[in-house]
Amino acid sequence: MKASIPQGTRDFSAAVLRRRNFIFNTIRSTFETYGFEPLETPALENTETLLGKYGDEGDKLIFKILNNGLDNPTKQASAREDFEKVLEGKTNKGITERALRYDLTIPFARYVAMNQGQLTMPFKRYQMQPVWRADRPQRGRYREFYQCDADVAGSSSLLHEIELALIYSSVFKHLRVGIEIHINNRKILHALAMLCGGEDRMTDITVAIDKLDKIGIEKVKEELASRGLTNNQISVVESFISIAGTNEEKLDQLMSMLNGNTIGEDGIREIRYILEQYKNNVSSEEMVVDFSLARGLNYYTGTIFEVKATGAQMGSIGGGGRYDDLTGLFGVKGIEGVGISFGVDRIYDVMEELNVFPEHIQTGTTALFFNTGETEQNHVLPLAQQLRAQGIACEIYHEAAKFDKQFKYAERKSIPYIVIVGSKEILSGTAIVKKLSTGEQQEVKQEEIGLNIKS
RNA sequence: GAGGUUGUAGCUCAGUUGGUUAGAGCGUCUGAUUGUGGUUCAGAAGGUCGUGGGUUCGAGACCCAUCAUCCUCCCCA
């Protein structure tokens, strides 16, 4: 058979992995700095835990896992019956009890619901694991990709929104990626829906205006019309998303447009507070008020964030927001949540495009011991152990070969130093240490090899 | 789920209106050079032309199917 991997998945080579780990490490240490604790959940969840949480479109994209033992003769009749339902588009337990994780938020909610008695509230956790979506792969879209989430459960304080935004700022500053944090508030969108036709129009409106930057105002209006909004209502939406200016100007204009709608005014107050505190702690102007930002996930109820890289052609590289009822779907009421997510795979692609990965993260082995024969190899092994004990990564060439070959091996693996201990050096108790980039070499005592290598 | 792109050596790609034995660069291996690389020179290996079928005297090229890939839409990170 021909070797292959599933569509939309990737193998990661050493060079790629080192860069990916650079991103992971940056995010992890920032999360830790803000007091978030690690959590891992299984790749598999019960299908019913996931179904219905991401909308109809989401349900279709969940990878379901076929149950084992369907070929058991005693269960054949019920298996056939259950499979008939699958053909009608109704997934069921008899065929697929388990499914692959689709995001990290729902498993987090499930975990909080299961352990609420034991958790210190507010519970702040971070999670960096792969998720799977049966989407069609394309640029910036994979079937297996990593999310890095930080969420807070059990607190309605806006302090968390501010700190989460500061986390975004700090991480991307570290990664040398310029960003804009788009911010909006579901309460504002709620108010907009009330101003044109009622709260039940909210989804119709948000789905359409969320596409504004992609398809333009005219297409948005068309979509609104096709979703049954009147011309009057459409013009209200239009004036709403046409609001322009600085963040403050936008908020002022919106305030007068709201006509005293208290829900909407709440939303404005929240954004103002977050903006103000954010600015007090970060010098740059990367927060952008964006009333067309809606985000597909309908469980958001307050602040919503979306992060875009400036100067790179890519959709959002992170997003998040507040949801009043995190665990209600799992039977635990009254726990609110707020969180953000980093899309590592897209961040990687952006950093690659912008060429901002630091050079120094590519170092693996620091020194290569040349192999000139079995006797010498046996002599060199303890010297390598001595370097490793000093924290210097080194390896011994696997066989006695021509120097040419051993040099080329070192070059291809970007190993900066080579060490030669041959028969002559064994007699004199010395070693030749050569720095490949400059060609300089010196003969040193065997106990002092480590002193002459800077990793 | 809908539409399109591409598929030739390990990698990047040529290959004319269908015509003899499918090429190049890079990489690999051998030698010049048995303890000092990067340069140079000489040579070699490496191909079910994605897969299956069809048209034709003749297919890498044309037709059909299929798989993979990348991209667009829907949706999303």
Side-chain angles (χ1 to χ4, degrees), chain A residues 1-10 13 23 27 54-62 89 101-105 128-149 168 206-208 210-211 214-215 219 223 293-298 305-309 313-321 339-350 368-373 376 397 400-426 431-443:
Chain A
M1 67 170 285
K2 204 173 173 185
S4 66
I5 52 172
Q7 193 178 42
T9 64
R10 296 150 297 160
S13 66
I23 301 173
I27 295 172
Y54 310 103
D56 291 343
E57 209 57 44
D59 282 357
K60 285 187 209 157
L61 299 181
I62 294 172
R101 189 203 293 135
Y102 179 89
D103 74 353
L104 301 178
T105 307
M128 311 202 298
Q129 289 190 276
V131 303
W132 294 268
R133 295 185 188 177
D135 215 342
R136 181 145 314 183
Q138 53 184 274
R139 180 174 157 76
R141 180 173 306 194
Y142 307 96
R143 286 187 151 180
E144 177 184 68
F145 63 98
Y146 275 74
Q147 290 190 329
C148 299
D149 281 27
Y168 270 141
T206 56
V207 166
D210 201 37
K211 299 175 188 167
K214 207 165 180 178
I215 63 177
K219 294 264 178 194
E223 176 148 359
L293 175 62
R295 290 186 66 74
L297 297 172
N298 273 319
F305 290 123
E306 194 154 290
V307 181
K308 287 178 180 151
Q313 205 58 40
M314 182 63 77
S316 67
I317 54 176
I340 55 169
S341 179
F342 288 83
V344 172
D345 303 79
R346 285 190 176 177
I347 293 171
Y348 181 96
D349 290 347
V350 166
L368 175 72
F369 284 92
F370 273 23
N371 193 327
T372 59
E376 294 88 339
Y397 195 78
K402 291 170 70 171
F403 273 29
D404 181 68
K405 255 189 134 168
Q406 306 199 39
F407 269 116
K408 283 192 170 140
Y409 178 82
E411 265 167 37
R412 293 206 59 178
K413 286 190 72 176
S414 316
I415 298 172
Y417 292 91
I418 61 109
V419 181
I420 302 170
V421 181
S423 48
K424 279 187 285 180
E425 288 78 16
I426 291 177
I432 292 168
V433 176
K434 178 164 183 170
K435 187 174 186 183
L436 290 188
S437 57
T438 59
E440 294 168 53
Q441 71 176 50
Q442 48 185 324
E443 192 160 357

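Side-chain atoms are counted along with the backbone in the values below, which use heavy atoms only and exclude waters and symmetry mates.
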Contacts of A/Glu411 that satisfy side-chain contact (heavy atoms from CB on, under 4.5 Å) - sequence neighbours left out: none
Contacts of A/Asp59 meeting salt bridge (Lys or Arg N to Asp or Glu O under 4.0 Å) (sequence neighbours excluded), chain-then-number -> none
Set of residues satisfying side-chain contact (heavy atoms from CB on, under 4.5 Å) with respect to A/Ser423, sequence neighbours excluded: A/Glu376
For the side chain of A/Arg143 and the backbone of A/Thr9, is there at least one donor-acceptor N/O pair under 3.5 Å apart? no
Check A/Lys408 with A/Asp404, please: is the shortest side-chain N to carboxylate O separation under 4.0 Å? yes
Base, sugar-phosphate or nothing for A/Ile432? Non-hydrogen atoms, less than 4.0 Å. base
By ring-ring contact (aromatic ring centres under 6.0 Å, His included), which residues pair with A/Tyr397, not counting sequence neighbours? A/Tyr409
Can you sort out the partners of A/Arg139 under salt bridge (Lys or Arg N to Asp or Glu O under 4.0 Å), two or more places apart, ordered by chain and number? A/Glu353
For atom NZ of A/Lys435 and atom C1' of B/U36, their distance in whole Å: 18 Å
Determine the contact category for A/Gly319: base if any of its heavy atoms lies under 4.0 Å from a base atom, sugar-phosphate if only primed atoms, P, OP1 or OP2 are that close, otherwise nothing. nothing
Residues at least two apart in sequence or cross-chain that pass ring-ring contact (aromatic ring centres under 6.0 Å, His included) with A/Phe370, listed by chain then number, are A/Phe403, A/Phe407
With C1' as the reference atom in both, quote the distance from B/G50 to B/U5 in angstrom, rounded to an integer. 15 Å
Nearest-Å distance for atom pair CE/P, residues A/Met314 and B/A77: 14 Å
For A/Lys402, enumerate each residue passing the salt bridge (Lys or Arg N to Asp or Glu O under 4.0 Å) test, keeping only those at least two apart in sequence or located in another chain. none
Contact list for RNA chain B against residues 339-349 of chain A - heavy-atom distance below 4.0 Å: A/Arg346
Determine, using ring centers only, whether A/Phe342 and A/Tyr146 are less than 6.0 Å apart. no
Identify, between A/Val307 and A/Phe403, the residue whose nearest nucleotide on RNA chain B lies closer to the 5' end. A/Phe403
Sugar-phosphate only, base, or nothing, as touched by A/Glu425 at under 4.0 Å among non-hydrogen atoms: base
Given a 3.5 Å cut-off on both pairing distances, which stems involving RNA chain B, each at least three consecutive Watson-Crick or G-U pairs, are present, if any? B:1-4 with B:70-73, B:10-13 with B:23-26, B:28-32 with B:40-44, B:50-54 with B:62-66
Pick the C1' atom in B/A2 and in B/C11, then give their distance to the nearest Å. 34 Å
N/O donor-acceptor pair, side chain A/Glu411 with base B/G37, under 3.5 angstrom: yes
Centroid distance under 5.5 Å and plane angle under 30°, A/Phe370 vs B/G35: no
Sort me out a list of protein N/O and nucleotides 70-74 of chain B N/O pairs below 3.5 Å, or just none if empty.
| from | atom 1 | to | atom 2 | distance (Å) |
| --- | --- | --- | --- | --- |
| B/C71 | OP1 | A/Arg139 | N | 3.4 |
| B/C71 | OP2 | A/Gln138 | O | 3.4 |
| B/C71 | OP2 | A/Arg139 | N | 2.6 |
| B/C71 | O5' | A/Arg139 | N | 3.4 |
| B/U72 | OP2 | A/Gln138 | OE1 | 3.0 |
| B/C74 | N4 | A/Arg141 | NH1 | 2.5 |

For the side chain of A/Lys434 and the base of B/U36, is some donor closer than 3.5 Å to an acceptor across the two? yes
Classify the side chain of A/Gln406 versus the base of B/U36 as yes if they form a donor-acceptor pair under 3.5 Å and no if they do not. no
List the residues meeting side-chain contact (heavy atoms from CB on, under 4.5 Å) with A/Arg101, not counting sequence neighbours, and say none if there are none. A/Thr41, A/Ala43, A/Leu104, A/Pro107, A/Gln129, A/Pro130, A/Val131, A/Trp132
Could you list the residues that satisfy salt bridge (Lys or Arg N to Asp or Glu O under 4.0 Å) with A/Arg141, not counting sequence neighbours? A/Asp135
For A/Lys424, report the nucleic acid contact type (base, sugar-phosphate, nothing); a contact means any heavy atom under 4.0 Å. base
Interatomic distance at P, B/G7 relative to B/C62, whole Å: 10 Å
